[in-house]
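Reading through the structure tokens given below for one structure.
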Protein chains: 2
Amino acid sequence: MAKQVVPETERRRRRPTRQGTVLSEKLIVRTALRMLREHGSTGLTARRLGAALGADPSTLYRYFAGLDDLTRAIGEELMGRALDTWTATGEWRSDLRALGRAVHASYLADPQAAVLTASRVTGRPREIAVDETILGILRGAGFPDADAVVVYHAFIDLTLAFAALDAGTLALTDEARAADEEMWRSTYAELPAGTHPHIAATARLLAGRMNHSAYPVVLDTLLNSAAEQLAWAHARRHPDPADT
Amino acid sequence: MAKQVVPETERRRRRPTRQGTVLSEKLIVRTALRMLREHGSTGLTARRLGAALGADPSTLYRYFAGLDDLTRAIGEELMGRALDTWTATGEWRSDLRALGRAVHASYLADPQAAVLTASRVTGRPREIAVDETILGILRGAGFPDADAVVVYHAFIDLTLAFAALDAGTLALTDEARAADEEMWRSTYAELPAGTHPHIAATARLLAGRMNHSAYPVVLDTLLNSAAEQLAWAHARRHPDPADT
DNA sequence: CGGTTAAGGTCAATAGTGTTGGCATAAGGG
DNA sequence: CCCTTATGCCAACACTATTGACCTTAACCG
């Protein structure tokens with residue numbers, strides 16, 4: 001059984017569960033997100049999700065090919081949320097910055113889910129929509145296709161990579177985070193200047209920095225570099241007589 | 001049992017296993033890396049590792065507090081390998097670039113292990129050594145402490161984030177990768193120009209790009225930006241009369 | 001409406017997982 | 001050479017994802 005999953009759009013009969021709830025992909029994904037929030041990034045199990053839905057765990061396999069498939073659907077949901085909070089202004093740089101931050105923020109809003117999904121390509125509609133949007137912004141700004149593709153690649157990978165990394169620290173349980181911070185204080189902050197002069201000298205500054213994400217800083221350097229690249233490409237096509 | 005683990009340095013008695021092998025932290029970590037390479041990033045299990053070592057699975061708990069602890073030790077091993085392949089030249093930019101690439105390469109050399117460890121801070125000696133080295137390069141180059149900390153933070157997070165992301169695609173089993181690439185061709189490459197004009201227009205270029213890592217490109221933009229920052233900081237302290 | 005079909009629910013079972021308490025044996029210090 | 005105890009093994013527990021068989025009932029067609 002459960003070999004083939006009926007696509008959500010062709011689903012016809014909706015039999016209520018023994019406990020009364022009527023299932024749907026959306027309900028399952030939303031419940032899964034809640035489970036992740038409540039029980040941590042390893043707390044999403046078929047049994048637990050089934051119990052929360054008032055359904056047998058095996059029922060999930062009528063909607064998803066496996067937990068892996070469900071995971072991709074969760075990622076798609078996060079991408080969709082990011083796209084929904086974003087609006088275009090027409091200025092390519094601020095549009096890209098806003099879009100990157102929206103994706104990053106959307107993942108960080110559900111860190112436990114982000115940990116599971118950020119490094120996976122889903123190939124689902126809203127993810128494709130994000131890609132199309134980014135390429136559209138770049139090409140609309142005048143980037144030659146070859147340059148647009150390079151910037152697009154760096155932009156999307158950078159954003160997802162930081163989403164995964166930053167979500168990782170947020171997703172720790174309170175307990176684990178406390179242990180981590182304690183570890184930090186007891187090792188990094190206490191290193192003797194004799195063996196580790198540079199860490200010792202900057203320990204105070206480090207403590208203030210490491211709590212924040214480096215994503216905004218790196219994103220801006222990428223956008224700056226892209227802007228220069230665009231200027232060159234433009235100059236090459238419309239040479240300024242004063243430059244010769 | 002297994003509540004407290006004896007530190008490797010204080011280990012005295014080494015009783016051979018029933019099948020003759022003599023255990024050690026190093027041997028366990030190396031064997032774990034092999035298991036990951038052979039069986040994928042989810043293929044490291046206590047039972048399997050025990051079998052490969054010729055020991056009972058529970059014996060592992062005499063060496064590590066849990067599989068989680070073992071995972072951190074694996075990350076530490078990858079960091080150490082990166083540091084071993086790197087040598088300083090004294091030129092801060094090329095040193096940083098080489099170090100970043102060494103870490104990135106070390107993780108990608110064991111992608112399945114990298115997936116498990118790249119987003120975790122171990123706090124172990126060789127990881128700290130890498131941090132100390134980076135800060136040393138930056139401060140030695142003349143970066144004021146505040147700037148050095150910002151660049152350090154961006155540098156290390158960028159490197160680890162891309163290591164995790166890029167390892168993720170490399171770590172897929174041949175089967176899963178084939179499915180992924182097929183998915184890519186059947187969705188992205190086939191999107192009609194009507195609904196997704198920008199992806200359609202650049203599909204060929206994208207296919208060539210997405211196989212490579214965006215890390216080198218982004219790393220260089222970060223180093224360029226840092227160099228400018230350094231020039232400004234330097235100019236502020238030694239104003240050039242010609243600039244006024 | 002009434003009959004038929006199969007979607008979509010449940011149940012039970014399989015083969016795996018991390019982890020721990022209890023026990024035994026042999027290594028190495030005194 | 002004896003004693004202690006570190007370090008190995010065994011058995012058990014409470015989990016996990018997933019599947020095949022079964023059964024109920026929703027929805028379509030005449």
Side-chain angles (χ1 to χ4, degrees), chain A residues 1-28 31-32 35-36 39-74 116 176, chain B residues 1-28 31-32 35-36 39-74 116 176:
Chain A
M1 279 276 179
K3 288 286 165 73
Q4 290 222 334
V5 173
V6 177
E8 182 74 1
T9 55
E10 297 171 18
R11 210 167 270 279
R12 330 175 105 197
R13 316 186 181 176
R14 305 208 106 104
R15 181 137 73 107
T17 221
R18 172 144 296 201
Q19 306 193 13
T21 47
V22 176
L23 300 181
S24 70
E25 263 193 25
K26 185 169 295 185
L27 177 62
I28 295 177
T31 308
M35 306 303 294
L36 283 167
H39 300 285
S41 55
T42 61
L44 177 64
T45 73
R47 272 166 146 84
R48 196 131 61 178
L49 183 52
L53 287 164
D56 189 271
S58 64
T59 309
L60 298 171
Y61 293 83
R62 301 280 183 204
Y63 289 83
F64 299 96
L67 285 201
D68 202 74
D69 193 27
L70 170 59
T71 303
R72 284 203 296 276
I74 293 173
L116 292 187
Chain B
M1 282 278 179
K3 289 287 165 72
Q4 289 220 333
V5 172
V6 177
E8 183 75 0
T9 56
E10 298 172 17
R11 210 168 271 277
R12 329 176 105 197
R13 314 183 187 183
R14 304 210 108 104
R15 183 136 72 112
T17 220
R18 172 144 298 200
Q19 305 191 14
T21 46
V22 176
L23 300 181
S24 70
E25 264 193 24
K26 185 169 293 185
L27 177 62
I28 295 177
T31 308
M35 306 303 294
L36 284 167
H39 300 286
S41 55
T42 61
L44 177 65
T45 71
R47 283 171 148 80
R48 195 134 58 182
L49 183 53
L53 287 165
D56 189 89
S58 63
T59 308
L60 298 171
Y61 292 82
R62 301 282 183 203
Y63 290 82
F64 299 96
L67 285 201
D68 202 74
D69 193 26
L70 170 59
T71 302
R72 284 203 296 277
I74 292 173
L116 292 186

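Worth knowing before you read on, the calculation uses all heavy atoms, side chains too, and leaves out hydrogens, waters and symmetry mates. Letters A, B, ... are given to chains in the order of the sequence lines, protein chains preceding strands, and every chain is numbered from 1.
Set against D/dC9, C/dC11, D/dG8, the side chain of B/D56 has D/dC9 as its closest nucleotide. With C/dG8, D/dA17, C/dC23 as the choices, the nucleotide that has an atom nearest any side-chain atom of A/Y61 turns out to be D/dA17.
Across all their heavy atoms, A/A46 and A/P57 have their closest contact at O-CB, 3.8 Å. The nearest pair of heavy atoms linking A/L27 to A/L53 is CG-CD2, 4.0 Å. Contact between B/Y61 and B/G66 at its shortest, heavy atoms only, is CE2-CA, 3.8 Å. The shortest non-hydrogen separation linking B/L23 to B/A55 is CD1-CB, 4.3 Å.
Residue B/Y63 places no side-chain N or O under 4.0 Å from the OP1 or OP2 atom of D/dT7. Checking the phosphate oxygens (OP1, OP2) of D/dC9, a side-chain nitrogen or oxygen of B/T59 falls inside 4.0 Å.
Atom-to-atom, CZ of B/F64 to C1' of D/dT7 comes out at 15 Å; the value is rounded to the nearest Å. The distance between atom CZ of B/R62 and atom C1' of C/dT19, rounded to the nearest whole Å, is 13 Å. Following rounding to the nearest Å, A/L60 (CG) and C/dT10 (P) show an atom-to-atom distance of 10 Å.
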Item checked: Audit row: B/L70, B/L49, side-chain contact (heavy atoms from CB on, under 4.5 Å) steps and yes/no -> CA-CA 11 Å; B/L70 170 59; B/L49 183 53; 3.6 Å; yes
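Contacts of residues 42-53 of chain A with DNA chain D (heavy atom under 4.0 Å): A/L44, A/T45, A/A46, A/R47. Listed by residue number, the members of residues 66-74 of chain B with any heavy atom below 4.0 angstrom from DNA chain C are B/G66, B/L67.
A/R62 CZ to A/I28 CD1: the interatomic distance, rounded to the nearest 0.5 Å, is 12.0 Å. Residue B/L67 holds its CG atom at 8.0 Å from OG1 of B/T45, rounded to the nearest 0.5 Å.
Between A/R72 and A/D69, some side-chain heavy-atom pair lies under the 4.5 Å cut-off.
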